[in-house]
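Heavy atoms only: backbone and side chains are in, while hydrogens, waters and symmetry mates are out. Numbering of ligands and ligand atoms starts at 1, following listing order.
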Amino acid sequence: MMVANGKGLLAMDESNPTCNKRFAQWGIPQNEETRRAYRELIVTTPGLGQSISGAILYDETIRQKKKDGTLIVKSLIDAQIIPGIKVDTGAKDMAGHAGEKVTEGLDGLRDRLAEYFQMGARFAKWRAVIALGDGIPSRGCIEANANALARYAALCQEAGLVPVIEPEVLMDGAHTMERCCEVTEEVLRTVFNELYSQRVMLEGLILKPNMVLPGLTCARQETVDEVAEATVKCLLRAVPAAVPGIAFLSGGQSGELASARLNAMNVRFKSQLPWALAFSFARAIQQPALEIWHGKQANVSSAQQALQHRAQCNRAARRGEYNAAMEMDNREIALYDVSSV
Ligand code: 5MM
């Protein structure tokens with residue numbers, strides 16, 4: 001269900017510090033009420049369930065209500081969107097490994113998962129962060145993060161939740177696309193080795209990887225088709241066919257590029273792939289809506305239109321039906337809305 005019917009996941013699980021950072025960029029007050037109002041805007045977007053199969057929430061959001069007193073979770077279920085929950089407690093500096101992080105959150109996880117299931121969550125998400133640089137990533141960092149992802153996944157399946165497994169190789173840096181491909185393949189192979197060891201059922205998980213991309217400051221930036229080819233080649237080498245779906249993170253790509261790259265993969269390779277290629281974007285779906293909203297009630301409807309537009313673009317990309325004209329049709333509305341903020 002999470003990757004059926006051309007739909008994908010909406011990541012709206014920014015932790016409070018990350019959500020506040022995004023709000024600060026647009027001068028939006030950073031407090032519990034503005035975060036609640038923003039999440040209400042997202043889940044009440046008309047027609048969102050046409051493109052979005054599941055939404056990943058943060059602990060604060062899964063407990064929050066809309067202004068009318070309805071739980072946000074209920075609003076999602078009514079829109080036929082499956083509620084999910086981020087359960088890691090963040091990527092922390094890794095001891096003895098300068099410049100590297102290890103994701104925490106296993107302590108007490110069994111009890112937290114039982115509570116989230118009871119609150120309506122049916123899938124969970126855990127993100128590991130792998131940075132590229134001189135001498136990194138180290139084997140120690142890759143192995144520690146892969147082991148944590150696998151132990152989290154086993155606990156999720158025990159609790160009746162689908163684990164979304166997110167090993168993110170970051171875009172930051174001047175590395176080449178080839179280097180990203182090499183590291184992504186090593187990370188994925190290690191993650192799947194750990195998943196076998198921890199007896200995780202491959203049919204009952206979703207992989208949320210990065211696309212294979214050149215570093216943000218790399219001089220050579222490959223074309224959309226080159227990125228699509230490198231990403232699919234890398235995934236075919238490392239991801240078992242039993243996995244039902246791969247839902248990419250956007251990682252800081254623009255919304256348009258993320259859609260174009262996903263579309264190119266589906267146009268060129270869909271018929272040859274064992275898994276569905278979908279999306280689990282946060283910024284690449286939310287960014288225009290956040291800019292338009294600006295924390296003002298008067299902008300809610302325009303912001304929702306922008307959110308719905310990006311969600312539909314990604315639904316089209318899943319089917320290999322996305323094209324630049326979809327953006328042009330929307331641009332006039334978007335420009336008008338931004339200038340009225
Ligand atoms: C990579 O971040 C995930 C996907 O978001 P993008 O599509 O914007 O890259 C996202 O789900 C992330 O894991 C959450 O926003 C939580 O992040 P923090 O840093 O707050 O734990």
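Counting only heavy atoms of the protein, atom 7 (O) of ligand 1 lies nearest to S250 OG, 2.5 Å. In this structure, atom 8 (O) of ligand 1 lies nearest to the protein heavy atom R283 NE, 2.7 Å.
Residue D13 places a heavy atom less than 4.0 Å from ligand 1. Heavy-atom separations between Q286 and ligand 1 are all 4.0 Å or longer.
Checked by atom type and distance alone, the side chain of E100 pairs as donor or acceptor with a backbone atom of S138 at under 3.5 Å. Side chain of N266 to main chain of R318: a donor-acceptor pair is present (N/O by atom type, distance under 3.5 Å, no hydrogens or angles). Side-chain atoms of Q304 come within 3.5 Å of backbone atoms of L41 as a donor-acceptor pair (strictly under, hydrogens ignored).
Here is the list of ligand 1 atoms found below 4.0 Å of a heavy atom in A11: 11 (O). Those atoms of ligand 1 that come under 4.0 Å of a heavy atom in E166, given as number and element, are 1 (C), 2 (O), 3 (C), 4 (C), 13 (O). Close approach of ligand 1 to F281 is summarised as follows: ligand atoms under 4.0 Å from at least one heavy atom of the residue are 7 (O). Distances below 4.0 Å separate heavy atoms of K86 from the following atoms of ligand 1: 16 (C), 18 (P), 21 (O). Listed by number with element, the atoms of ligand 1 under 4.0 angstrom from any heavy atom of E168 are 1 (C). Close approach to T18 involves these atoms of ligand 1, each under 4.0 Å from a residue heavy atom: 18 (P), 19 (O), 20 (O).
By the 3.5 Å distance cut-off applied to N or O atoms, D88 is not counted among the residues near ligand 1. At under 3.5 Å, a nitrogen or oxygen of K125, whether backbone or side chain, sits near a nitrogen or oxygen of ligand 1.
For the residue pair Y322/E327, the side-chain donor-acceptor check at 3.5 Å is satisfied. Side-chain atoms of R261 and Q253 form a donor-acceptor pair, as typed in the model, at a separation below 3.5 Å.
Residue E14 forms a salt bridge (charged side-chain N to carboxylate O under 4.0 Å, His left out) with just one option from R39, R283, R35, and that option is R39. Of the listed residues (I52, I246, L9), just one forms a side-chain contact (heavy atoms from CB on, under 4.5 Å) with F279, and that residue is I52.
When non-hydrogen atoms are compared, ligand 1 lies under 4.0 Å from the side chain of R127 (C-beta onward) but not from its backbone. Both the backbone and the side chain of S15 come within 4.0 Å of ligand 1, counting heavy atoms alone. The part of K208 lying near ligand 1 is the side chain, judged by heavy-atom distances below 4.0 Å.
Between R36 and E33 there is a salt bridge, since at least one side-chain N of the basic residue sits less than 4.0 Å from a carboxylate O of the acidic one.
Atom NZ of K92 has more than 12 heavy atoms from other residues, nucleotides or ligands within 6.0 Å.
Contact annotation: the side chain of P167 approaches that of L188 to within less than 4.5 Å [non-hydrogen atoms, C-beta and beyond].
Of all the listed residues (A282, G252, G251, P17), A282 holds the heavy atom that lies closest to atom 5 (O) of ligand 1.
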